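Below is one structure, written out as structure tokens; the observations come after it.
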Amino acid sequence: MSRRTVLLTGATGYIASHTWLALLKAGYRVIGLDNFSNSSPEILNRLKRLSDQAVVFERADVCDLPALLDVFQSHEPDAVVHFAAHKAVGESVAKPLDYYGNNLGGTVAVCRAMHLSGCRHMVFSSSATVYGVPRCLPITEDADLAATNPYGQTKLMGETILRDLVASDDRWKVATLRYFNPVGAHESGLIGEDPRGTPNNLMPYVAQVAVGRRAHLQVYGNDYDTPDGTGVRDYIHVSDLADGHVAALRYLFDADRSLTVNLGTGQGCSVLQVVRAYAQASGREIPYVIAPRRPGDVAACYADPTRAAELLGWRARLGLDRMCADSWRWQRMNPQGFEARSA
Ligand SMILES: NC(=O)c1ccc[n+]([C@@H]2O[C@H](COP(=O)([O-])OP(=O)(O)OC[C@H]3O[C@@H](n4cnc5c(N)ncnc54)[C@H](O)[C@@H]3O)[C@@H](O)[C@H]2O)c1
């Protein structure tokens, strides 16, 4: 059988770069596409080194339909994994048009390019944010959907657009993957999460405290109804998440059906558990101060990952200690992220 070709949008981003390696390992031909709005070209050098092969990359914006059509014509992908999006919740509240324009404009343009090129298999990066404030835990895929900010709306609307496409033409097969909280890094320490400016998420913040870039962590609220009072989330190792994409693509090609699944571990960890595990992994103290709750934060959020296990045969393998150890290796080897070494 000839090798299938997969186009990754947002390919040099955090989750896509790990997925790129997992897809190469699984035997796919991978074409990466990104505009570097939130990533560094240095990632391409790292991917070359890790995969020991040339990486095929197109610099383009997913909102630029003519550019997308050129890419589709040159590479004839069999499927698209659509990661490209802006992802900062706070920024989405301040700049809603940027988020709707980029995330929805990009999704529509990618679908249009796929339609015009006869490519109708897509894996879509959705998020647990589509569950809004969960009413029951663990969260199943049938839970009520609600968005509490413009970023979440773009994921919810993105899902709707894709559902409508599937309903309009049964040649479309879409795997909607609702990620919980991706953390960690590739075991080599060569690629990992490299937030620009102040990290929005807990683990990259803790990593920067451990490496001395920030003085202390702020823990937002210690009076939630959780075992230690701090917020509980479902952290998932980015390498497990990457494998989930490989499993979802296999499902699209083999079962030839669409699906929506949670990708999480099913285990909730509190902020203080993460702090302790990171201190252990790094051998560094993680000073923290307790701050007031942030508006909009929920006490606890974790997945029921049963459907992914049943349909995809996928489950997360790596626990919190490994997530922290791999994050720390990446942070220690790249204290200033990718840019410091890209010259
Ligand atoms: N990291 C998380 O916590 C998380 C959780 C749930 C869902 N997601 C979703 O997963 C996807 C990947 O997230 P990530 O954490 O890897 O983010 P990331 O910012 O590291 O990666 C996104 C990539 O998309 C690129 N991009 C953005 N707009 C583009 C455009 N118009 N054209 C071309 N490229 C563009 C950026 O340059 C970046 O490389 C996103 O869709 C995000 O919303 C992320």
Side-chain angles (χ1 to χ4, degrees), residues 7-20 31-44 46-47 57-65 67-68 71 80-92 95 98-110 113 122-131 147 149-159 162 176-186 191-197 199-205 233-239 241-242 244-245 248 261-264 301 303 323 327 337-338:
L7 174 68
L8 304 189
T9 72
T12 45
Y14 170 48
I15 302 167
S17 54
H18 292 78
T19 304
W20 192 330
I31 315 300
L33 180 151
D34 206 293
N35 66 355
F36 298 126
S37 56
N38 196 38
S39 53
S40 158
E42 169 62 12
I43 292 164
L44 298 172
R46 307 282 175 101
L47 290 174
F57 179 76
E58 301 279 0
R59 183 173 189 154
D61 191 305
V62 288
C63 299
D64 181 347
L65 182 59
L68 289 177
V71 171
V80 175
V81 187
H82 181 39
F83 293 100
H86 295 329
K87 64 166 181 178
V89 169
E91 187 183 58
S92 81
K95 300 178 178 172
D98 286 358
Y99 273 68
Y100 288 116
N102 193 57
N103 295 5
L104 295 179
T107 299
V108 171
V110 169
M122 176 187 269
V123 177
F124 178 63
S125 296
S126 190
S127 166
T129 191
V130 299
Y131 296 118
N149 53 69
Y151 167 71
Q153 288 287 3
T154 69
K155 291 296 165 190
L156 211 46
M157 291 180 194
E159 289 196 9
L162 295 170
T176 297
L177 306 183
R178 294 179 178 153
Y179 313 153
F180 278 66
N181 294 73
V183 295
H186 190 263
I191 57 172
E193 187 169 12
D194 181 21
R196 293 187 173 168
N200 292 307
N201 296 331
L202 174 65
M203 197 172 288
Y205 205 107
R233 298 291 179 271
D234 186 340
Y235 297 98
I236 173 167
H237 196 294
V238 66
S239 297
L241 196 59
H245 292 74
V261 289
N262 289 337
L263 294 184
C301 173
M323 299 178 208
S327 161
F338 286 110

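All values derive from a computational prediction rather than experimental measurement. Start at 1 and go down the list; that is how both ligands and their atoms are numbered. As a basis for the values below, the full set of heavy atoms in this structure was taken, side chains included, without hydrogen atoms, waters or symmetry mates.
If you take OG1 on Thr12 and CD on Glu42, they are separated by 11.5 Å, rounding to the nearest 0.5 Å. We find the CD1-CZ distance between Ile43 and Arg46 to be 8.5 Å, quoted to the nearest 0.5 Å.
Between Ser126 and Glu159, the side chains place a donor N or O and an acceptor N or O closer than 3.5 Å (distance only, hydrogens not considered). For the residue pair His82/Thr9, the side-chain donor-acceptor check at 3.5 Å is satisfied.
At a heavy-atom cutoff of 4.0 Å, ligand 1 is contacted by the side chain of Tyr151 but not by its backbone.
For ligand 1, the atoms closer than 4.0 angstrom to any heavy atom of Ala60 are 32 (N), 33 (C). Shown in contact with Phe83 at under 4.0 Å from a heavy atom are these atoms of ligand 1, numbered in order with element: 11 (C), 12 (C), 40 (C), 41 (O). Interface of Thr12 with ligand 1, defined as ligand atoms under 4.0 Å from a residue heavy atom, comprises 39 (O). Shown in contact with Tyr179 at under 4.0 Å from a heavy atom are these atoms of ligand 1, numbered in order with element: 6 (C), 7 (C), 8 (N), 9 (C), 10 (O). Listed by number with element, the atoms of ligand 1 under 4.0 angstrom from any heavy atom of Ser39 are 37 (O), 38 (C), 39 (O). Ligand 1 places these atoms under 4.0 Å from at least one heavy atom of Phe36: 37 (O).
Taking any N or O of Phe180, backbone or side chain, none lies under 3.5 Å from an N or O belonging to ligand 1. Considering backbone and side-chain atoms alike, Asp34 places an N or O below 3.5 Å from some N or O of ligand 1. The shortest N or O to N or O distance between His86 and ligand 1 is not below 3.5 Å. On a distance-only criterion, Ser127 and ligand 1 share no N/O pair closer than 3.5 Å. Looking at Glu193 next to ligand 1, no N or O pair under 3.5 Å apart turns up. Checking only distances, Cys63 never comes within under 3.5 Å of ligand 1, N or O to N or O. The shortest N/O to N/O separation between Ile15 and ligand 1 falls below 3.5 Å.
Between the side chain of Asn35 and the backbone N or O of Val62 there is no donor-acceptor pair closer than 3.5 Å. A distance-only check finds no donor-acceptor pair linking the side chain of Tyr99 to the backbone of Leu104 [under 3.5 Å]. For the pair Asp234 (side chain) and Phe180 (backbone), a donor-acceptor distance under 3.5 Å is absent.
Counting heavy atoms from C-beta outward, Val110 and Met122 have side chains that approach closer than 4.5 Å. For the pair Ser17 and His186, the minimum side-chain heavy-atom distance is 4.5 Å or more. Contact annotation: the side chain of Asp34 never approaches that of Phe83 to less than 4.5 Å [non-hydrogen atoms, C-beta and beyond]. Looking at heavy atoms from C-beta onward, Leu33 lies in side-chain contact with Leu7 at the 4.5 angstrom threshold. Between Asn38 and His86, the closest side-chain pair of non-hydrogen atoms is not below 4.5 Å. For the pair Glu193 and Asn201, the minimum side-chain heavy-atom distance is below 4.5 Å. Put simply, the side chain of Asp194 does not reach to within 4.5 Å of the side chain of Tyr14, judged on heavy atoms.
Below 30°, between 30° and 60°, or above 60°: for Phe57 and Trp20 the angle between ring planes is below 30°, a parallel geometry.
Protein heavy atom nearest atom 32 (N) of ligand 1, with residue, atom name and distance: Val62 N, 2.9 Å. The closest protein non-hydrogen atom to atom 27 (C) of ligand 1 is Ser37 OG, 3.3 Å. Closest to atom 3 (O) of ligand 1 among all protein heavy atoms lies Pro182 CD, 3.4 Å. Residue, atom and distance of the protein heavy atom nearest to atom 19 (O) of ligand 1 are Asn38 ND2, 2.7 Å. From the protein, the heavy atom lying nearest to atom 21 (O) of ligand 1 is Gly13 CA, 3.3 Å. Given atom 22 (C) of ligand 1, the protein heavy atom at minimum distance is Ala85 O, 3.9 Å. Among protein heavy atoms, the minimum distance from atom 30 (C) of ligand 1 is reached at Asn35 ND2, 3.3 Å. Ranking protein heavy atoms by distance to atom 15 (O) of ligand 1, first place goes to Lys87 NZ, 2.7 Å.
Judged by the shortest distance from any of its heavy atoms, Gly106 lies outside the 4.0 Å radius around the atoms of ligand 1. Distances from ligand 1 to the non-hydrogen atoms of Asn102 include at least one value under 4.0 Å. In this structure, Ser126 has a heavy atom closer than 4.0 Å to ligand 1. Within the structure, ligand 1 has Lys155 among the residues with a heavy atom less than 4.0 angstrom away.
A salt bridge does not link Arg196 to Glu91: none of the charged nitrogens lies less than 4.0 Å from a carboxylate oxygen.
With Gly10, Gly32, Ala109, Ala16 as candidates, the residue nearest to atom 23 (C) of ligand 1 on a non-hydrogen basis is Gly10.
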